[in-house]
Amino acid sequence: MLFISILFLIMVMAIPSLKGRVPPVLFQRLSTIILIYAGALSLNALYIQSIGSGIGIYSGLFHVTLISQFIEIFIYIIGSAILIARALPVYVQITETLKKEFSYKYSIEYSLLIMFSTIGASLLISSSNLISMYLSIELQSFAVYILSTLYRNSESATSAGLKYFLLGSLASCFILLGSGLIYTFSGLTNLESIYNLISVSQSSNIIQGIALGFIFIFAGFLLKVAAAPLHNWAPDVYDDSPTLVTIWLTIMPKISILIFILEVFTQITSVSPILESIETSLVLGSLEGMQGLGINTIKYLLLISSLFSLIIGTVVGLAQIRIKRLLAYSTISHIGFILLALAINSKQSIDSFIFYIFQYTLTNLNTFLILLAIGYILNNKTIYKKGVLIATNIGKDIKYISEFKGIFFSNPILSISLTICLLSMAGTPPLLGFFSKQFVLYSAIESGYYFMSISGILVSIISASYYLRIIRILHTEIDLNKSLNDVGDSHLTNTKVSISNIHSLTISSLTLLILFFIFKPSILLKSTQLLSLSIFTN
């Protein structure tokens, strides 16, 4: 359905008689409606009784399961919410020059790229073949690469897109190398067949070769989700990209990749149980020991990446003065908690893994929507010289944390909403973020990962300091006696701006969900428990 819709929109763009006559905002609204309708179709598919055990489609290239359908619906909802964020602010007393300069720039391309990336994400979470996996991740990635360089006149955006493309291509090389190794040792590309081969194989070389291939695949995916120590690209790309693009980069690719890693890792561990002690395995010298050693390597890869992500994302984030770089390191820290829950691989930890992804997505989405709204409201100055427009900063992104100074006194509602999101990220009770961290740490303690649990608690306490620093700046009164920048004989005016009603509704709904989750937690908690059980019962 999404593919047909994309072809239709491309065809409309290519018709000469319609080019330039169809309002770009119409493409955005159509794309939003298409994503919502696609989500409704996926929801209707949940009524298929046999979906619990999974349904293979397209000759086994894709495997539709309960968790893939739930996450697909979630992806469509989040995608439509991000497209709604592209709904431009309502201007009063704005000139046609400014309207052309900011309002409708790149709207058509933005909507199409969002849909391409969405279809790639939805295909990836259902992939059950090495070929479909690689093609899906590349479809998603190439759309995001172009999305990063969408603002062609921006030098920083071009630099971010190029850096993202080069390092994303390196990650793809790791994934392709791992896939090649698995095919070399097994002669198979279907993941279900590979799992069966691992469980019945009598050759330790085959098992070790397949394990090595999966290690390369996991390393490539960890690079794509910016897990430490493979994180260096993320702060630069997030900071240099426009905020509208950063919203997508920090949420959508991570959801699909993490869910795919979850499905592969749980299947591998189910067919090849991990032994309690590697030393015992080596002493015994049995095939089972060699099999367990390969899977242990994958588990330790996730644990080491989790520990590095927790430490680097927290410590380096303390020194940041630019808001999107700080949020990038915050994301790296959150990835550490997610990987910790995945590496534990128990029913309770997988439940906390899925819950954390939901919490992370909703909180990050709301935070960036608020950043967009504050940017629209604060950066609304235009400079005229002798009646001629010479400069404008309408719609420019907020770069530095210091720009938040005095927001509470000019717009208390947005300030309070941002404060709630930041406190939730810090893990302050009784907000949504507190419960996600609590579930992960509790499952770690239950499984005996005491060092990782203590590390998670310490980094949560330390990371609260940079969230509180932003909150303090938000509620610090600005000195009104200071004059604005000296513009000589130029005339500086403020253009009255207000964000759209849909944008406001989305922010308020997400803020209330984060704030009042404690009063009605059963819907989300039961959903994550159902998804966790569906993985272990299949």
Side-chain angles (χ1 to χ4, degrees), residues 1-3 6 35 38-39 42 45 54 57 61-83 113-148 164 168 171-172 174-175 178-179 191 217-227 230 234 245-267 302 331 334-335 338-339 341-342 350 353-362 364-365 528 531 534-535:
M1 188 266 178
L2 277 179
F3 181 70
I6 290 172
L35 288 178
S42 298
I57 58 176
L61 289 176
F62 299 96
H63 192 231
V64 179
T65 60
L66 187 65
I67 187 170
S68 69
Q69 284 300 102
F70 263 104
I71 299 300
E72 185 174 306
I73 295 168
F74 186 65
I75 284 175
Y76 291 146
I77 294 173
I78 297 300
S80 61
I82 294 175
L83 274 177
L113 290 173
I114 288 291
M115 293 184 67
F116 269 113
S117 181
T118 303
I119 193 173
S122 63
L123 291 175
L124 178 61
I125 60 177
S126 301
S127 296
S128 62
N129 192 290
L130 295 176
I131 297 174
S132 61
M133 172 203 70
Y134 186 76
L135 293 178
S136 299
I137 191 65
E138 288 305 290
L139 175 61
Q140 174 184 268
S141 299
F142 277 118
V144 178
Y145 299 153
I146 301 173
L147 195 63
S148 301
Y164 193 20
S172 299
F174 279 118
I175 296 172
S179 302
L191 291 176
I217 290 176
F218 275 57
F221 281 128
L222 291 178
L223 178 56
K224 282 187 175 291
V225 299
L230 307 173
V245 175
T246 310
I247 295 180
W248 194 261
L249 295 181
T250 192
I251 295 176
M252 195 59 64
K254 290 179 172 53
I255 297 176
S256 57
I257 291 173
L258 289 170
I259 294 299
F260 181 78
I261 292 176
L262 167 66
E263 293 175 339
V264 173
F265 184 68
T266 52
Q267 287 293 331
L302 295 176
T331 296
H334 288 302
I335 291 295
I338 293 174
L339 292 180
L342 176 61
I350 298 303
F353 171 89
I354 299 172
F355 182 83
Y356 206 110
I357 288 180
F358 282 130
Q359 177 273 140
Y360 163 81
T361 302
L362 297 176
N364 256 37
L365 174 61
T528 56
L531 294 178
S534 69
I535 293 176

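- Looking at heavy atoms from C-beta onward, Q140 lies in side-chain contact with I257 at the 4.5 angstrom threshold.
- A distance of 9.0 Å separates CG in L124 from CZ in F62, rounded to the nearest 0.5 Å.
- With a 4.5 Å cut-off on side-chain heavy atoms, Y360 and I255 do not count as touching.
- I82 contributes atom CD1, which lies 4.5 Å from atom CD1 of I251 (distance to the nearest 0.5 angstrom).
- Atom CH2 of W248 is separated from atom CD1 of I78 by 9.5 Å, given to the nearest 0.5 angstrom.
- Of the possible polar contacts, one joining the S179 side chain to the I175 backbone as a donor-acceptor pair under 3.5 Å is found.
- Listed here is the closest heavy atom pair of V245 and L147: CG2-O, 3.4 Å.
- V264 places none of its side-chain heavy atoms less than 4.5 Å from the side chain of I217.
- Between F260 and the options Y134, F265, F221, a ring pair (Phe, Tyr, Trp, His ring centres under 6.0 Å) holds for only F221.
- The closest side-chain heavy-atom distance from T65 to S534 is not below 4.5 Å.
- The CD atom of E263 lies 9.0 Å from the CD1 atom of I71; values are rounded to the nearest 0.5 Å.
- Formation of a donor-acceptor pair under 3.5 Å by the S126 side chain with backbone atoms of L123 is not found in this model.
- Looking at heavy atoms from C-beta onward, V225 lies out of side-chain contact with I338 at the 4.5 angstrom threshold.
- With hydrogens and angles ignored, the 3.5 Å screen pairs no side-chain donor or acceptor of S117 with any backbone N or O of I114.
- Note: H334 and Y356 have tilted aromatic rings, judged against thresholds of 30 and 60 degrees for the angle between ring planes.
- A donor-acceptor pair under 3.5 Å links the side-chain atoms of Q69 to the main chain of S42, judged by distance alone.
- At a threshold of 4.5 Å between non-hydrogen side-chain atoms, the residues F353 and I259 count as touching.
- Summarising the local packing, CZ of F116 is surrounded by 12 or fewer heavy atoms from other residues, nucleotides or ligands at distances under 6.0 Å.
- Within 6.0 Å of CZ on F174 lie no more than 12 heavy atoms contributed by other residues, nucleotides or ligands.
- Between I75 and A121, the shortest heavy-atom distance links the atoms CD1-CB, 4.1 Å.
- Ring pair F358/F355: centre-to-centre distance not below 6.0 Å.
- The backbone N or O of T246 sits nowhere less than 3.5 Å from a side-chain atom of T250 that would complete a donor-acceptor pair.
- Between V144 and P253, the closest side-chain pair of non-hydrogen atoms falls below 4.5 Å.
- Atom-to-atom distance recorded for Q267:CD and L191:CG is 9.0 Å, nearest 0.5 angstrom.
- For the atom pair CG (L61) and OG (S128), the distance works out to 6.5 Å, reported to the nearest 0.5 Å.
- The side-chain heavy atoms of L258 and I335, taken from C-beta on, include a pair separated by under 4.5 Å.
- Formation of a donor-acceptor pair under 3.5 Å by the S136 side chain with backbone atoms of S132 is found in this model.
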